[in-house]
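Ligands are counted one by one from 1 in listed order, and the atoms in each one are counted from 1 as well. Heads up: numbering here begins at 1 and tracks the sequence.
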Amino acid sequence: MSDPYQIERERMVESQLKKRGIHNSQLLEAFSKVPRHQFLPRNLRSEAYTDGPSPIGEGQTISQPYMTALMTLSAEVAPGDRVLEIGTGSGYQSAILAELGAEVYTIERIPELLEQARETLRQLHYDKIHARLGNGTLGWEEEAPFDIILITAGAPEIPAPLLDQLAIRGRLVIPLEEGYSHVLYVVRRSPKGFHQERGERCTFVPLIGEYGWGRNPRTKWGKLRKDS
Ligand code: SAH
């Protein structure tokens, strides 16, 4: 089947990923293959390959392609890895992970977005992705431990349940608030404990729920509970 966006997608891979130093061939192949436009609302499909985040409804966004690539790269995904994603959003990041051979578990808190993402993933035959509704800051206990945990929303701190659900030698990737934006952190677990590395500055929509932000911007959930 011909894809009218194939050329734009190749251009995105060249100018937004390769030129910024991403050379992992499996990753580039996944970005060349997954039809990002199909994860956007119909009226926004023409901007699917531009260099930024795009709205997907409910006040949420699909991350900038470079940011999706950077998070995936930082997690060092290998075939067969069990990956937990917090913040399904459009489902695009899940599809990229599935293309890399990961076994994907993803959690979204907004029912409308979850339904849309499930539908898109079904249409594209990503049948093995497990997606469910819930507060992802609590993790997915029944399926733990995970080799990789990706948090695709900005957090005030690392949710403790997610550290518990990370396998030994596992990687957790999370944008943590620092000043007016976020910084991408990679946390590695070894038999001795956790080791944290600071990465690039970035901007994400907030991670909302217990162990994240309250519904009012800049109020932590725990604080909100104490106040109310
Ligand atoms: N990975 C997505 C981008 C998601 S944007 C993609 O590829 O399109 C972040 C998403 O996190 C939003 O959809 C938001 O609703 C969701 N989110 C925020 N807090 C959450 C929580 N505690 N649990 C699950 N999802 C959450």
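- Among protein heavy atoms, the minimum distance from atom 13 (O) of ligand 1 is reached at Glu108 OE1, 2.8 Å.
- Ranking the protein heavy atoms by distance from atom 20 (C) of ligand 1 puts Arg109 CD, 3.4 Å first.
- Counting heavy atoms under 4.0 Å from ligand 1, residue Thr68 does not touch it at all.
- Enclosure of atom CD in Glu29 is not indicated, since only 12 or fewer non-hydrogen atoms of other residues, nucleotides or ligands lie within 6.0 angstrom.
- Electrostatic pairing of Asp51 and Arg20 counts as a salt bridge here, judged by a charged N lying under 4.0 Å from a carboxylate O.
- Ile208 O, 3.5 Å is the protein heavy atom nearest to atom 21 (C) of ligand 1.
- Hydrophobic clustering, with ILVMFWY side chains joined whenever heavy atoms are under 4.5 angstrom apart, groups Val104 together with Leu150.
- Counting the atoms of ligand 1 from 1 in the order shown, those under 4.0 Å from a heavy atom of Ile62 are 8 (O).
- Shown in contact with Gln93 at under 4.0 Å from a heavy atom are these atoms of ligand 1, numbered in order with element: 1 (N), 7 (O).
- Under the 4.0 angstrom criterion for non-hydrogen atoms, Glu58 is not in contact with ligand 1.
- Under 4.0 Å is where a charged nitrogen must lie from a carboxylate oxygen, and between Glu197 and Arg188 at least one such pair does.
- At a heavy-atom cutoff of 4.0 Å, ligand 1 is contacted by both the backbone and the side chain of Thr152.
- Leu124 approaches Gln38 most closely through the heavy-atom pair CD2-OE1, 3.6 Å.
- For ligand 1, the atoms sitting less than 4.0 Å from at least one non-hydrogen atom of Leu113 are 13 (O), numbered in the order shown with element in parentheses.
- Between Gly87 and ligand 1, an N or O atom pair is found at a separation short of 3.5 Å.
- Note on Arg9 versus Asp3: salt bridge recorded, some NZ/NE/NH1/NH2 to OD/OE distance being below 4.0 Å.
- If you look at Thr61 next to ligand 1, the close heavy atoms, those under 4.0 Å, all belong to the backbone.
- Not a single heavy atom of Ala117 lies less than 4.0 angstrom from ligand 1.
- Short contacts between ligand 1 and Ile110, defined as distances under 4.0 Å to a heavy atom of the residue, involve ligand atoms 15 (O).
- Classification of Glu14 and Lys19 as a salt-bridged pair fails, no side-chain N sitting under 4.0 Å from a carboxylate O.
- A salt bridge does not link Glu10 to Lys18: none of the charged side-chain nitrogens sits closer than 4.0 Å to a carboxylate oxygen.
- Summarising the geometry of Arg201 relative to Ser181, their closest heavy-atom pair is NH1-OG, 2.6 Å, with the distance given to 0.1 Å.
- Between Tyr49 and Tyr5, the ring planes are tilted. Angles from 30° to 60° get that label.
- A donor-acceptor distance shorter than 3.5 angstrom exists from the side chain of Thr152 to the backbone of Ile86, with no hydrogens or angles considered.
- Contact atoms of ligand 1 toward Thr88: 1 (N), 2 (C), 6 (C), 8 (O) (distance under 4.0 Å to a heavy atom of the residue).
- Of all atoms in ligand 1, numbered sequentially from 1 with element shown, those under 4.0 Å from a heavy atom of Val205 are 5 (S), 9 (C).
- Using a 4.0 angstrom heavy-atom cutoff, Ile96 does not count as in contact with ligand 1.
- Under a 4.0 Å N-O distance rule, the pair Glu143/Arg82 qualifies as a salt bridge.
- With distances taken over non-hydrogen atoms, the option nearest atom 18 (C) of ligand 1 out of Pro206, Gly134, Gly212, Ser94 is Pro206.
- Within the 4.0 Å heavy-atom criterion, the part of Gln60 lying near ligand 1 is the side chain and not the backbone.
- Among all protein heavy atoms, the one lying closest to atom 8 (O) of ligand 1 is Ser90 OG, 2.6 Å.
- Here the shortest heavy-atom pairing between Pro175 and Leu184 reads N-CD1, 4.0 Å.
- With ligand atoms numbered from 1 in the order given, ligand 1 contributes 21 (C), 22 (N), 23 (N), 24 (C) to contacts under 4.0 Å with heavy atoms of Gly136.
- Close contacts between ligand 1 and Thr137 involve ligand atoms 22 (N) [criterion: under 4.0 Å to a heavy atom].
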